[in-house]
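In what follows, a single structure is set out as structure tokens and then discussed.
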Amino acid sequence: MPPRLYNTLTQRKEEIAPLVPGEVGMYVCGVTVYDLCHLGHARSLLVFEVLRRYLTFRGYRVRMVRNFTDVDDKIIRRAQETGTTWDAVANHYVREFQTDMARFELPPADVEPRATAHVPAMLALIERLLARGLAYVVDGDVYFRVRAYPGYGRLSQRSLDDLRAGARVEVDERKADPLDFALWKRAKPGEPAWESPWGPGRPGWHIECSAMAMHYLGESFDLHGAGEDLIFPHHENEIAQSEGATGKPFARLWVHNGFVRLQQEKMSKSVGNVFTIRDLLGKFSADALKLFLLGTHYRSPIDYAPEKVEEASRALDRIRLLAEAVEVLEEVPDEARPGGIASAVAAARAEYVAAMDDDLNTALALSAIFTLVRHLNAALDTLPERRLAGPAAAMALREGVAVVREQARILGLSLEGGVPAGAKAAAAAAVEALLREYCPASAPRITDLTGGVEALLARREQARGERDFATADAIRRRLNDAGIEVADRPQGSTWRFRRS
RNA sequence: GGCGGCGUAGCCAAGUGGCUAAGGCAGAGGUCUGCAAAACCUUUAUUCGGCGGUUCGAGUCCGCCCGCCGCCUCCA
């Protein structure tokens, strides 16, 4: 059975049924490049990347298009405020976006078109709407005639009368109807402008997505996604102008993710309660942030709180440490094979796929991963020593971890590193101070963090040998305060950064 | 006012009428240790906001009530 997704259009979960069997074309509304991305963007970007990866895992060839809106009122305003040009603002924030995505460890979409590179396609679409009587020109502006398009309101479950009753929009009296929206805006002095049959101007917001989606995916395509705030009016308008122009169904499946909130309130720039991806990645690893975001179903709201990301980070350690424990396994001659690994792996596979197939239920999929982790840990515990295994046991455990890694990878989790840059710098400074205190002789020669920690551990080992536990414990405690955990094992002491 | 959604253990959270209500965090007990820490294992909801109803059977369907949120304006 194919994966199912909740379709906003039909308000039901529906099976993926691509127009071209085996190939999925998806369009995701990207960002308007006038400011840094915040956690709300991160959630949407992550959810659709996970969808792309999961569909790919399930055997589909996926083409994901995600646009940059690189001309609009906010960009123009930002340029005026900062005394630069609109395209300088756009270029700047495209680069910032790419920087953030790299740090968040999300790859680019297959196509990342910019609105301003597709103005001719937009003009062509507007011409078609004019030819069909669905648009009209007023004084260099072009508007879509909402009441001439019968299906309007289908996506957002609204009737035209509801909209009129609730309309709080300031009415532009040049519009024939308050509901009509701009396809093309006549240029005002000093604004970016493109030539058009109706005079110089720039595209309205909605038309770019219609034009680019059709250009890269065809007039009809499989899946369109974004945050739920775009359902109305943006996606409603996209449908109206696209289907109005082509007479064909536009996107078949409309997928919308829920908001990130802060103390029960939507996180958005207009509310002013945003946390940028950049700031968050200074405090938390990409994996921790992703695990936090995927612990809640994508359609539900999720409340941001730093403690929750820290919790996610600790949960992540369960997976990482299991993977490490298995990967450093040493093989010894031993016929024993812990029972139940194969069935636990099979169960985890089935549960994971069932969960993800059912409207991308990442929270349930994660529980399958954690259950498998627990079974594999239990198997490790049955070994005579946790790091020594016979060939059969080692093979079974490695296979289990391979499944864990694959399932985590689909969720965007690398299971690597996990130490924010800020934490390393702070640790390095603290270690340098400790070196001067405990190893004054060698301190000047040691410049790197690893060397410093190792010198301190050697000094501590000496103290332990002399049963000077006061000194040994002091070093351990102060390293711990610096974010470096020391563990005494039979083979000697080891250390690592405290993860977050 | 119109439309949509949410309320499950100390916290987060899954749960598409039917075996003992996932999973994570925190807590408790245990293993390991010079002592720790970390790690691992075990354990933690007779009950799903309230009251009715449908059903052999409801957290899951219906109605009403209480509380919270979103969209209707730029917004992922």
Side-chain angles (χ1 to χ4, degrees), chain A residues 4 6 8 11-13 28-32 34 37-48 72-74 77 153 156-159 161-170 205 225-234 236 256-261 264-271 274 291-292 295-297 299-303 305 307-308 310-319 321-322 324-325 351 355 358-359 361-371 373-374 376-378 380-382 386 464 467 469 472-473 476-477 479-480 485-490 494-496 498:
Chain A
R4 304 190 320 149
Y6 182 86
T8 306
Q11 299 184 286
R12 273 196 298 271
K13 291 180 194 174
V28 180
C29 290
V31 296
T32 300
Y34 75 105
C37 287
H38 58 70
L39 189 57
H41 299 108
R43 184 183 197 191
S44 188
L45 265 1
L46 174 62
V47 162
F48 290 103
D72 100 313
D73 292 347
K74 294 187 292 290
R77 194 185 338 125
S156 53
Q157 310 292 334
R158 272 163 237 247
S159 73
D161 297 329
D162 292 341
L163 288 168
R164 184 197 255 160
R168 288 186 269 143
V169 203
E170 67 180 75
W205 174 34
E228 66 182 359
D229 46 355
L230 298 193
I231 295 172
F232 190 92
H234 184 54
E236 196 70 71
H256 294 97
N257 67 275
F259 296 129
V260 175
R261 307 188 302 189
Q264 300 268 297
E265 191 177 26
K266 178 183 174 184
M267 180 180 289
S268 76
K269 286 178 220 175
S270 40
V271 180
V274 298
L291 190 67
F292 160 67
T296 300
H297 184 87
R299 284 193 287 122
S300 300
I302 184 169
D303 260 293
E307 312 82 66
K308 292 187 190 175
E310 280 156 20
E311 281 177 17
S313 182
R314 285 191 283 273
L316 198 56
D317 271 352
R318 283 180 73 73
I319 309 177
L321 290 160
L322 178 270
E324 279 173 24
E351 283 167 27
D358 185 11
D359 197 23
N361 193 335
T362 53
L364 191 56
L366 282 166
S367 84
I369 293 179
F370 282 110
T371 301
V373 166
R374 190 177 66 242
L376 294 175
N377 266 320
L380 273 175
D381 271 0
T382 68
R386 226 177 126 79
R464 287 179 81 201
R467 302 196 68 77
F469 293 123
D473 290 354
R476 183 173 65 191
R477 181 177 48 74
L479 279 171
N480 188 59
E485 285 176 356
V486 175
D488 296 330
R489 300 176 198 276
T494 62
W495 67 279
R496 61 167 209 188
R498 196 180 314 119

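Naming convention: chains lettered A, B, ... in sequence-line order (proteins, then strands); numbering from 1 in each chain.
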What nucleic acid atoms does A:Lys74 come within less than 4.0 Å of, heavy atoms only: base, sugar-phosphate, or nothing? sugar-phosphate
Rounding to an integer number of Å, can you tell me how far A:Ile319 CD1 sits from B:rA39 P? 14 Å
A:Glu265 CD - B:rA76 P separation (whole Å): 17 Å
Considering only heavy atoms from C-beta outward, does the side chain of A:Arg374 approach that of A:Asn377 to under 4.5 Å? no
Minimum heavy-atom separation for A:Gly40 to A:Val260, with atom names? CA-CG2, 3.8 Å
State plainly whether the residues A:Asp317 and A:Arg314 are in salt-bridge range, i.e. N to O under 4.0 Å. no
Just to be sure I understand the rule, does A:Ala226 reach a base, reach only the sugar-phosphate, or reach nothing, if contact means heavy atoms closer than 4.0 Å? sugar-phosphate
Option from A:Gln11, A:Arg12, A:His256 for which side chain to side chain contact (heavy atoms under 4.5 Å, CB included) with A:Tyr6 holds: A:Gln11
Heavy atoms under 4.0 Å, any strand shown: does A:Val486 hit a base, just sugar-phosphate, or nothing? base
Looking across every strand, which nucleic acid part, if any, lies under 4.0 Å from A:Gly225 by heavy atom: base, sugar-phosphate, or nothing? nothing
When rounded to the nearest 0.5 angstrom, what distance separates CG in A:Asp488 from CZ in A:Arg464? 3.5 Å
Under 4.0 Å, counting only non-hydrogen atoms across every strand here, what does A:Phe370 touch: a base, just sugar-phosphate, or nothing? sugar-phosphate
From B:rC68, B:rA76, B:rC72, pick the nucleotide closest to the side chain of A:Gln264? B:rC68
Reading RNA chain B from 5' onward, which residue's closest nucleotide shows up sooner: A:Tyr6 or A:Arg261? A:Tyr6
The Watson-Crick or G-U wobble partner of B:rG34, with both key distances under 3.5 Å, is none
Looking at every heavy atom in both A:Ala363 and A:Thr296, which two are closest together, and how far apart are they? CB-N, 4.5 Å
Look at all strands and tell whether A:Arg314 reaches a base, only sugar-phosphate, or nothing, counting heavy atoms closer than 4.0 Å. sugar-phosphate
Go through B:rG23, B:rC25, B:rA39 for me and flag the one nearest to the A:Leu321 side chain. B:rA39
C1' atoms of B:rG29 and B:rC68, separation to the nearest Å: 38 Å
Inter-residue atom distance A:His41.NE2 - A:Ser268.OG, 0.5 Å rounding: 9.5 Å
One should read off an interatomic distance between A:Ile319 CD1 and A:Ile369 CD1, to the nearest 0.5 angstrom, of 5.5 Å
Of the options A:Arg43, A:Lys308, A:Arg261, which is the one that meets A:Asp303 in a salt bridge (charged side-chain N to carboxylate O under 4.0 Å, His left out)? A:Arg261
Distance between the C1' atoms of B:rC56 and B:rC64, in whole angstroms? 26 Å
Under 3.5 Å, which N/O atoms of the protein pair with N/O atoms of nucleotides 42-44 of chain B?
none

Reported CG-to-CG distance for the pair A:Leu380 and A:Leu321, which is rounded to 0.5 angstrom: 11.5 Å
B:rG5 P sits how many Å from A:Arg158 CZ, rounded? 12 Å
Tell me: CG of A:Leu380 to P of B:rA38, nearest whole Å? 20 Å
In this structure, how many angstroms lie between the P atom of B:rA76 and the OH atom of A:Tyr34, rounded? 7 Å
Are A:Glu228 and A:Phe259 side-chain neighbours, meaning at least one heavy-atom pair lies under 4.5 Å? yes
Tell me what A:Asn377 touches on the nucleic acid: a base, only sugar-phosphate, or nothing, going by heavy atoms under 4.0 Å. sugar-phosphate
Could you let me know what B:rC25 is paired to, Watson-Crick or G-U wobble, both distances under 3.5 Å, or none if it's on its own? B:rG10
Expected rows: protein N/O vs nucleotides 58-61 of chain B N/O, under 3.5 Å:
none

Between B:rA37 and B:rC32, how far apart are the C1' atoms? Round to whole Å, please. 12 Å
Side-chain contact test, heavy atoms from C-beta onward, threshold under 4.5 Å: evaluate it for A:Arg158 versus A:Glu236 and give yes or no. no
Spacing between A:Glu228 atom CD and B:rC69 atom C1', to the nearest angstrom: 10 Å
A:Lys266: partners by salt bridge (Lys or Arg N to Asp or Glu O under 4.0 Å), with sequence neighbours left out: A:Asp229
Assign each of A:Ala368 and A:Phe48 to its nearest nucleotide of RNA chain B by heavy atoms, then name whichever residue's nucleotide is nearer the 5' end. A:Ala368
To the nearest angstrom, the CD-P distance between A:Glu307 and B:rA26 comes to 13 Å
Separation of the P atoms in B:rG59 and B:rU46, to the nearest angstrom: 13 Å
Report, one pair per line, the protein and nucleotides 28-34 of chain B atoms (nitrogen or oxygen only) whose separation is under 3.5 Å.
{"from": "B:rG34", "atom 1": "N7", "to": "A:Arg464", "atom 2": "NH2", "distance (Å)": "3.2"}
{"from": "B:rG34", "atom 1": "O6", "to": "A:Arg460", "atom 2": "NH2", "distance (Å)": "3.4"}
{"from": "B:rG34", "atom 1": "O6", "to": "A:Arg464", "atom 2": "NE", "distance (Å)": "3.3"}
{"from": "B:rG34", "atom 1": "N1", "to": "A:Asp473", "atom 2": "OD1", "distance (Å)": "3.1"}
{"from": "B:rG34", "atom 1": "N2", "to": "A:Asp473", "atom 2": "OD2", "distance (Å)": "3.1"}

For A:Thr371, which contact category applies under a 4.0 Å heavy-atom criterion: base, sugar-phosphate, or nothing? sugar-phosphate
Interatomic distance at C1', B:rU44 relative to B:rA28, whole Å: 8 Å
Please enumerate all residues that pass salt bridge (Lys or Arg N to Asp or Glu O under 4.0 Å) together with A:Arg4, with sequence neighbours excluded. A:Asp358
For nucleotides 10-16 of chain B, read 5' to 3', which letter fits each nucleotide if B means a protein heavy atom sits under 4.0 Å from the base, S means only the sugar-phosphate is that close, and - means neither? --SSSSB
Within a strict 4.5 Å, meaning less than it, do heavy atoms of the A:His297 and A:Asp359 side chains meet? yes
Side-chain atoms of A:Gln157 come closest, of B:rA76, B:rC3, B:rA37, to B:rC3
Please work out if A:Val260 contacts a base, only the sugar-phosphate, or nothing of the nucleic acid, heavy-atom cut-off 4.0 Å. base
Should B:rC71 form a Watson-Crick or G-U wobble pair with both distances under 3.5 Å, which nucleotide is its partner? B:rG2
Write down the distance between CD (A:Glu236) and C1' (B:rC3), rounded to a whole number of angstrom. 12 Å
For atom P, what is the distance between B:rU55 and B:rG50, given to the nearest Å? 23 Å
Report yes if a side-chain nitrogen or oxygen of A:Lys266 is closer than 4.0 Å to either non-bridging phosphate oxygen (OP1 or OP2) of B:rC71; otherwise report no. yes
If only atom types and distance count, is the side chain of A:Asn257 paired as donor or acceptor with the main-chain N or O of A:Arg299 below 3.5 Å? no
One should read off an interatomic distance between A:Met267 CE and A:Leu39 CG, to the nearest 0.5 angstrom, of 5.0 Å
Taking only the C1' atom of each, what is the distance from B:rG17 to B:rA58 in whole angstrom? 6 Å
Sticking with atom P, work out how far B:rG67 lies from B:rG10, rounded to a whole angstrom. 23 Å
